[in-house]
Amino acid sequence: MVNIVLFGPPGSGKGTIARKLWEKFGIKQVSTGDLLRREILEGTPLGKKVEPILASGKLVDNKIVARVLEKGIRGAKNGFVLDGFPRNGEQAGILEGILAKTGQKIDLVLELVVPDGKIIERLSSRRQCSKCGRVYGLHLPPKKEGVCDECGGKLFQRDDDKPYVIKKRLALYKEETLPLKTYFRKSTRVESIDGAPAIEEVFLAAEKKIASLGK
Ligand code: AMP
C-alpha cells in the first residue's frame, strides 16, 4: 500500500498518471477537481455553489475541498494518489490533520515538471468525457470527434481550459502551490520527473520512482 501526492502545474499530466496508477495497481485516484466536477454534473447544492469558481480558475474554499477529500481518502483501501491537493499552505495543514486522524502517511511526493508553453498547448486542446471523466487531447485524440472511445459519452471543454483562465491558473500555481515543495521536503520523500514526453514514458518513470520506495 502506498500513498502518493502528485505535484505539478495544471496540465502536467497528474490526472492521466493518477488514473493509470489506479488502473494498473489499484491505488485509488483522489482528484479534488474531478470530485468537484462530479458534484457540478450531478447538480448538487455543493456543485451549484462551486461551478462559477471552477469556471473562473480560482480556488474553491479550503473547507469545502477538505470535506470532499476526506471522503475520497477514507474509501481507499489500497493506498491513494492525490491529484490536485494540497494546493496551498492551509490545505497542506488540513491534509496533515486528516492523515493523523486516519493513521495514514504520505510515502512519496512525485513532481511532474513541464514547461509553461507545453502546458498551454496541452490544456487548450484538452477535452473530457462528461460521463466517465476520461481525458483526451493532443496525446490521445478520440477515435470520433466529440465522443468518448470508452463509454460513448459526450466530450466537453472545461471552462477553465480557455486561454486567459489557463494563464491565471498557472500564476496561481507558482504563487501558492509550488512553495509547498519545500514544506514537503522536510518530512517526505520528494522526487521529480520530466512530464513533457509521451504519457507512456512519463508513466514508466513514475513506476520506477514508486518501485524504488522500499530501497
Ligand atoms: P483541477 O482539475 O485539479 O485542475 O481543478 C480544477 C478546479 O477545481 C481548480 O481550478 C479549482 O477551482 C478547483 N479545485 C480543485 N482542487 C482544488 C483544491 N485542492 N483547492 C481548491 N480548489 C480546487
Side-chain angles (χ1 to χ4, degrees), residues 3-22 28-42 44 46-73 80-99 106 109-112 114 116 118-130 132-137 155-181 183-184 195:
N3 297 326
I4 299 166
V5 170
L6 275 184
F7 197 76
S12 55
K14 300 190 295 297
T16 310
I17 295 294
R19 192 174 186 116
K20 282 175 94 70
L21 287 172
W22 195 2
K28 186 179 181 194
Q29 175 187 18
V30 181
S31 157
T32 43
D34 278 351
L35 292 168
L36 292 167
R37 277 187 292 277
R38 174 74 28 213
E39 300 276 343
I40 294 173
L41 282 172
E42 287 172 2
T44 66
L46 179 82
K48 291 206 172 86
K49 193 165 162 186
V50 301
E51 188 169 13
I53 306 172
L54 263 80
S56 74
K58 291 190 188 130
L59 292 186
V60 170
D61 178 76
N62 288 337
K63 290 195 183 64
I64 294 181
V65 191
R67 242 181 22 225
V68 167
L69 174 86
E70 186 163 355
K71 228 164 63 184
I73 288 185
F80 56 78
V81 186
L82 292 191
D83 155 18
F85 193 99
R87 265 174 148 99
N88 56 36
E90 194 183 328
Q91 291 187 2
I94 290 174
L95 178 61
E96 258 184 42
I98 295 176
L99 294 177
I106 301 298
V109 174
L110 187 61
E111 182 189 23
L112 300 175
V114 182
D116 285 4
K118 184 121 198 149
I119 283 173
I120 293 167
E121 182 190 284
R122 272 188 191 171
L123 289 185
S124 16
S125 69
R126 178 160 76 175
R127 299 291 182 273
Q128 189 163 10
C129 176
S130 51
C132 73
R134 190 163 287 266
V135 175
Y136 296 87
L155 303 186
F156 70 101
Q157 180 178 37
R158 287 169 44 173
D159 285 335
D160 57 347
D161 281 346
K162 310 273 158 69
Y164 68 97
V165 189
I166 295 174
K167 290 204 178 105
K168 225 162 66 186
R169 290 164 64 207
L170 267 175
L172 194 64
Y173 173 78
K174 285 180 189 159
E175 205 180 295
E176 294 201 14
T177 311
L178 197 55
L180 291 183
K181 213 158 76 168
Y183 158 87
F184 274 123

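Position 1 is the first residue of the sequence, and the numbers go up from there. When a ligand or atom number is given, it counts from 1 through the structure's own listing order.
Side-chain contact between Trp22 and Lys28: present, with at least one pair of heavy atoms (C-beta onward) separated by less than 4.5 Å. Counting heavy atoms from C-beta on, the side chains of Tyr183 and Lys181 never come closer than 4.5 Å. Contact check for Lys49 versus Glu39: no side-chain heavy atoms found under the 4.5 Å cut-off. Residues Ile40 and Val50 form a side-chain contact, since some pair of their non-hydrogen atoms from C-beta on lies under 4.5 Å apart.
Annotation: atom 22 (N) of ligand 1 to nearest protein heavy atom, Val60 N, 3.0 Å. Of all protein heavy atoms, the one closest to atom 13 (C) of ligand 1 is Leu36 CD1, 3.7 Å.
Residue Asp83 has no N or O atom closer than 3.5 Å to an N or O atom of ligand 1. Backbone and side-chain nitrogen or oxygen atoms of Leu54 are examined, and none is located within less than 3.5 angstrom of a nitrogen or oxygen of ligand 1. Close N/O approach between Asp34 and ligand 1 is not found [any backbone or side-chain N/O within under 3.5 Å]. No N or O atom of Leu59 sits closer than 3.5 Å to an N or O atom of ligand 1.
Under the salt bridge (charged side-chain N to carboxylate O under 4.0 Å, His left out) test applied with Asp161, the options Arg122, Lys167, Arg169 reduce to a single match, Arg169.
When non-hydrogen atoms are compared, ligand 1 lies under 4.0 Å from neither the backbone nor the side chain of Asn62. For Asp160, every heavy-atom contact with ligand 1 shorter than 4.0 Å involves the side chain, none the backbone. At a 4.0 Å heavy-atom cut-off, ligand 1 touches Val65 through the side chain alone.
Remark: ligand 1 atoms within the under-4.0 Å shell around heavy atoms of Gln91 are 18 (C), 19 (N), 20 (N), 21 (C). Heavy-atom contacts of Thr32 reach the following atoms of ligand 1: 15 (C), 16 (N), 17 (C), 19 (N) (cutoff under 4.0 Å). Heavy-atom proximity to Arg37, at under 4.0 Å, picks out these atoms of ligand 1: 2 (O), 6 (C). Residue-ligand proximity, Gly33 to ligand 1, at heavy-atom distances under 4.0 Å covers atoms 2 (O), 5 (O), 15 (C), 16 (N). Residue contact check: Arg169 has heavy atoms under 4.0 Å from atoms 4 (O) of ligand 1.
Between Tyr173 and Phe7, the two ring planes are tilted [angle within 30° to 60°].
Note that the CZ atom of Arg38 and the OG1 atom of Thr44 stand 11.0 Å from one another [nearest 0.5 Å]. A distance of 7.0 Å separates CG in Asn88 from OG1 in Thr177, rounded to the nearest 0.5 Å. With values rounded to the nearest 0.5 angstrom, Leu59 atom CG is found 4.5 Å from Leu172 atom CG. Note that NZ of Lys63 and CD1 of Ile94 are 7.0 Å apart. Values are rounded to the nearest 0.5 Å.
Residue Lys14 places no heavy atom under 4.0 Å from ligand 1.
Of the candidates Lys58, Glu51, Gln128, Arg87, Arg87 brings a heavy atom nearest to atom 1 (P) of ligand 1.
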